[in-house]
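Structure first, commentary second.
In this chain, residues are counted from 1 in sequence order. Both ligands and their constituent atoms are indexed starting at 1 by order of listing.
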Amino acid sequence: MPPTPPPIQLTTPVDQIPGVTPRQAMLLRTLGLTNLGRLVAHLPARHEKVEAESSIGDLVADQTVSARGQITATRVVRSGKPRFEAVLHDGTGRLDLVWFNQTFMRDRLVPGVRARVQGKTKRRGPGLQMANPQWEVLPPDDEEPPEHESRMKPIYPANEELKPWLIAKIMAVAAPQALPLIDDHLPEEYRRERHLPELREAYRMQHFAADEAQAAESRRRLAYDELLMLQLGVHMKRAHLRERLKAPALKNNPGIDKHIRERIPFQLTPSQNEVVKEIAEDLSKSVPANRLIQGDVGSGKTVVALYAMLMAVASGHQASLMAPTELLAEQHMASISRMLEGSRVRAELLTSATPRDARESLLERLAAGEVDILIGTHALLTESVRFKSLAVAIIDEQHRFGVVQRAGLRAKASDETTTPHALVMTATPIPRTLAITLFGDLDISSIRGLPPGRKPITTRVSPGKGRTAVYAEIEERLKRGEQAYVVAPAIDGAGTETGATADADAPPLRDCRTIAKELETVYLPGRRVALMHGQLNRAAREDVMDRFRRREIDVLVATTVIEVGVDVPNATAMVVEQADRFGLAQLHQLRGRVGRGAADSVCYLIADPTTDLAAQRLAVLEKTSDGFALAEKDLELRGPGEVFGQRQSGLPPFKVADLVRDRELLGMARRDAAAWIAASPDLAKPEERTIRRRVVKTFGEHLGLADVG
Ligand code: ADP
Ligand code: MG
């Protein structure tokens, strides 16, 4: 007698699941679906409503159905409304198909292919016709079983061999065995209050949705779970840090406020005042502040940073300001020194370009507390940089939302349990949704609007064939002694990338070298044109920038290297070539290079967008100059992965949740998680074991939960 097989569990390997064939098990493994639990967690990417299939001979008029067969004839008709017509045969009859305005279909549905169509039948003369049906081409060896009833068809992520329909077939056998084994990590009452289905029921409905409502309801539960677990992890970590670490509580009183404001040569805007107030409150507590300050290009973040730093100094501590480039660090040093002139506050600059002797003496004075404010690049993070008492650490223009650097600064504290208050400033407005997700452990302040007296930048989208007119406008400005930037997505003809989106299907990238030649010979003959890009070394770059500032260059043809920190008020015009190859936020950042002087400025976006979406995005730029609104729109149109680049963004890996679609759910998960962790900071109760395990398993690595244990 053969031994009785062990009872089935979620850990049972796929080749031991009753009803799954060895070949199927082998194919499942190619998708990483090695055991029953992983298999049942392989969720449909989406569902499609499939109408019951009929033989063509059985079709009647005015019915929504699907049918399959062979395309036997096609033609394109151009008289009247352009249309594509095809005939579908299945041995029982003939169905006429027509698609209006879609003549490209000619290349997709060619005579001889097998296809399935779905739509509404209409009487036409003696026969039946479907207008604009949904369609799919079937493989020649079409094995997919016919649909006998209308249903929601799960479309699984699949590969060449393991087709979505085959996964569905396996799931029909395997999922019913897995479902009873799935424990819910949320208590029943908790679920009921939030109208969430039970976990195993959610999985069942994903795999076997009867209708749209079931697909949506189950998806909501699973997306909520993902968001909740991330937020639980984030809050758990935060609670843990707060408990362990203290920051110096800084003095916050009207006298100090007045003193600091005397250093600032203008009135703060209401929005700046609000942010300053939030920061001052944070810094006066011994709970380490962790705050993101977002403000559009030119919104005036530097003085806000200075305010925070001077609060540290007023309490006898030190502060640091870290910028992403030497150029930016130097600019900060210059403007802050100007504001500190005549005060006793000692500010110093430290970059990798600081000579060794100067560096050594600087570090000594820093450790002795003789330097109050240290400004620099990531050189500030090196081991040898020791503060006497660092109370406020500011990071400027952090595009990359890494936690690494914040951790580095935290380690600069004088002992194990003290940490500086941390402020991160960014001009790349981060939509609220994303900010919450990425920085669940961060508070957010926003500086809205610009200081008074700024002139708005006019933005115009132009097709490539309008290039001559665009450059004629530029020439007008050059004649008046103004200067211009031209930005392109590539450096050279080899298509060396510069941060624009690579796209295999799109036309080749326009590059700086070619454009510079065109300008010199065709569009702006006689004008002084120079190149600026990341392949130039530092000396060459500085030389070009100096000459541009001294007006010895009329037009700077550049890549996105000029995105931040470049400030030449006499440059009043910008042309972005192939603007559809850049992100909205990036284009906004780029056009922030103009509009810095008294003259009105203009930004031309040259593009021949190939999709509706791309055209829409550019149109948005014409209409709004609000970076926040743009960032929201960009996220909505392109999705977070595209906007921030999945990997370096530090975006958590979601399987179900979608940061754009599930905003409301995210808000709910965030509130729920905050309340949960407030009541049970370690999720240590026995009934929390399952969810705790799942939080750590899903997001532990991402959030660095190791030290939470
Ligand atoms: P960003 O937020 O891009 O870092 P900055 O801090 O560099 O902007 O400020 C841009 C310019 O606006 C600076 O020249 C700064 O002095 C000026 N500025 C900032 N706040 C105000 C204000 N409230 N009134 C007038 N000018 C201001
Ligand atoms: Mg700045």
Structural part of Pro451 in contact with ligand 1, heavy atom criterion under 4.0 angstrom: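 Under 4.0 Å from ligand 1, Pro451 contributes side-chain atoms alone.
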
Below 4.0 angstrom from a heavy atom of [X], which ligand 1 atoms are there? Numbered from 1 as shown, please.
| X | result |
| --- | --- |
| Thr269 | 23 (N) |
| Gln267 | 22 (C), 23 (N), 24 (N) |
| Thr302 | 4 (O), 5 (P), 6 (O), 7 (O) |

Sequence-distant partners of Arg480, salt bridge (charged side-chain N to carboxylate O under 4.0 Å, His left out), two or more places apart: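 Listed in chain order: Glu482.
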
Close side-chain approach of Arg591 to Val576, heavy-atom, < 4.5 Å: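 Answer no - side chains too far apart.
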
4.0 Å heavy-atom contact, Gly295 with ligand 1: no

Residues Asp282 and His421: side-chain donor-acceptor under 3.5 angstrom: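 No, no side-chain donor-acceptor pair sits under 3.5 Å.
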
Salt-bridge criterion met for Arg365 and Glu348 (N-O under 4.0 Å):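 A salt bridge is present here (some side-chain N lies under 4.0 Å from a carboxylate O).
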
SB check Lys479 Glu476 (cutoff 4.0 Å):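 Here Lys479 pairs with Glu476 in a salt bridge, since their nearest N and O are under 4.0 Å apart.
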
Backbone or side-chain N or O of Leu268 under 3.5 Å from ligand 1 N or O: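 Between Leu268 and ligand 1 (N or O atoms, distance only) the closest approach is not under 3.5 Å.
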
